[in-house]
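First the structure, in the form of structure tokens, and then the observations on it.
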Amino acid sequence: MNDMWERLHRLWEAGTPCALATVISAYGSAPRRPGAIMICAPDGTVTGSVSGGCVEGAVYDLAQQVVRDGTPVLERYAVSDDDAGAVGLTCGGTIEVLVERVDQQSFPELGTLLHHMRRGVAVALVTIVGADGPVRVGTHLVCWDSGTSGSTGDFVLDGDTAGAARRLLGQGRSCTFRTGSADGDSGAGLRVFANCLAPPPRMLVYGSNEFASVLAYQGALLGFRVTVCDARPVFTTPERFPDADEVVVDWPHRHLAAEAAAGRIDGRTVVVSLTHDPKFDVPLLQAALGMDLAYVGALGSRRTAEQRRASLRATGVRHDQLRRLCSPAGLDLGGASPAETALSIAAEILLLRHGGSGARLSGTTAATHQEAPTAVLSLLVAGRM
């Protein structure tokens, strides 16, 4: 994702007008989620995607019009059985796409946005997507924890919008909402889209072995910033883990404690112990289970897992903390090789992140993608969550 924003910034910095298409809402089985972007450059090149291929051609044509006249356009795409010539999502669902011209005059806040993204600061790009009166569609605010860049022209509205965006940023959610509304994305008020751009979540893999190598690859595919750490320097080399962002020689529990003390982990961080050695994984898991992490897993047989739990209880780890430990790590996919094991661990991480059932999609009737209920969105925007 950062590569696409860097591409947009290079065009902006060169004074080259281009079009930015952003998914602002998605329902049903739509293939891309809110926040997905596509950049249409004047030389005809396209970066990114808003639908996985269904409506890209139509969005590209719309982008040429928007660059010419400078007026943002909000377009809705859905399955259309009535009009065979209509452009729709053949895979199902509905998306709304905002297409806007980007240049230094229309989007002066882009430089500030990239400045914070490059520093690893979580930042929300807020765009007015529906308005009556003096506030212009396409107006931007850039919001981060301690500041804001840009303005709607209304000081009170700026404060309300930035406050709502920061609450959504804290939840890591990109979505639309209406200012001054108790009904989330319905009712009166300006319609606003907050695109929450947080640094990549971290995956900390402890143990230098073949399982760690393929899990690092799997983690990178899923957008994690991957660290592999082990206390044994002979096995812990960058050459053995080419897909890791960093390879560290240190005792696992000491490394995790240092990362926590430096503020480099958060509630999205994943910790996986692959050491197969109690002197490494027991102190590591004791530390990890006392932190607010997205996932804590450990590889091993059921017998090893039970011995490990007994050791952790003996160190004072509470029952409620032990319940958070995924051990043996992974879902039962029937595989056993390092690559298959890494896939099963990654699948368990995604299941816990998104709240899926783990059932085969061919045996269910639910939508393949789920959105948060409107009631939850309303509470987020109102500041009650």
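For reference, positions follow the sequence shown, starting with 1.
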*Determine, stepwise, if the pair Thr45 / Asp43 fulfils side chain to side chain donor-acceptor pair (under 3.5 Å).*
CA-CA 6 Å; Thr45 58; Asp43 62 0; 2.7 Å; yes

Is there a donor-acceptor contact under 3.5 Å linking the side chains of [X] and [Y]?
| X | Y | result |
| --- | --- | --- |
| Ser273 | Arg308 | no |
| Arg33 | Ser174 | no |
| Arg136 | Ser106 | no |
| Asp154 | Thr152 | no |

Looking at every non-hydrogen atom in both residues, tell me the closest pair between [X] and [Y] and how far apart they are.
| X | Y | answer |
| --- | --- | --- |
| Leu293 | Ala288 | CD1-O, 3.6 Å |
| Tyr206 | His255 | OH-ND1, 2.8 Å |
| Phe241 | Ser208 | CZ-CA, 3.6 Å |
| Val126 | Cys143 | CG2-SG, 4.0 Å |
| Val99 | Ala21 | CG2-CB, 4.0 Å |
| Cys326 | Tyr295 | SG-CE1, 3.5 Å |

Going from [atom1] on [X] to [atom2] on [Y], what distance comes out if it is rounded to the nearest 0.5 angstrom?
| X | Y | atom1 | atom2 | answer |
| --- | --- | --- | --- | --- |
| Glu109 | Leu141 | CD | CG | 7.5 Å |
| Asp103 | Trp12 | CG | CH2 | 10.0 Å |
| Glu96 | Phe193 | CD | CZ | 10.5 Å |
| Leu113 | Phe107 | CG | CZ | 5.5 Å |

*Passes side chain to side chain contact (heavy atoms under 4.5 Å, CB included), Arg268 versus Phe224? Steps please.*
CA-CA 10 Å; Arg268 303 175 300 150; Phe224 285 95; over 6 Å; no

*Can you tell me if NE2 on His319 sees more than 12 non-hydrogen neighbours from other groups inside 6.0 Å?*
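No, the 6.0 Å shell around NE2 holds no more than 12 heavy atoms from other groups.
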
_Quick check: do Ile349 and Met203 have side-chain heavy atoms less than 4.5 Å from each other?_
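Counting from C-beta outward, Ile349 and Met203 do come under 4.5 Å.
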
*With sequence neighbours excluded, give me every salt bridge (Lys or Arg N to Asp or Glu O under 4.0 Å) pair touching residues 226-240.*
Asp230-Arg232

_Pair Arg32 + Glu56: basic N to acidic O under 4.0 Å_ =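 Between Glu56 and Arg32 there is no salt bridge, as every charged N stays at least 4.0 Å from the carboxylate O atoms.
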
*Please, which pairs that meet side chain to side chain donor-acceptor pair (under 3.5 Å) have at least one residue in residues 330-342, sequence neighbours excluded?*
Ser337-Glu340

*Just grab all the side chain to side chain donor-acceptor pair (under 3.5 Å) pairs involving residues 215-224, residues at least two apart or on different chains.*
none

*asked:* Side-chain heavy atoms nearer than 4.5 Å, only ILVMFWY residues, links allowed to pass through others: does that put Leu20 and Met4 together?
replied: yes

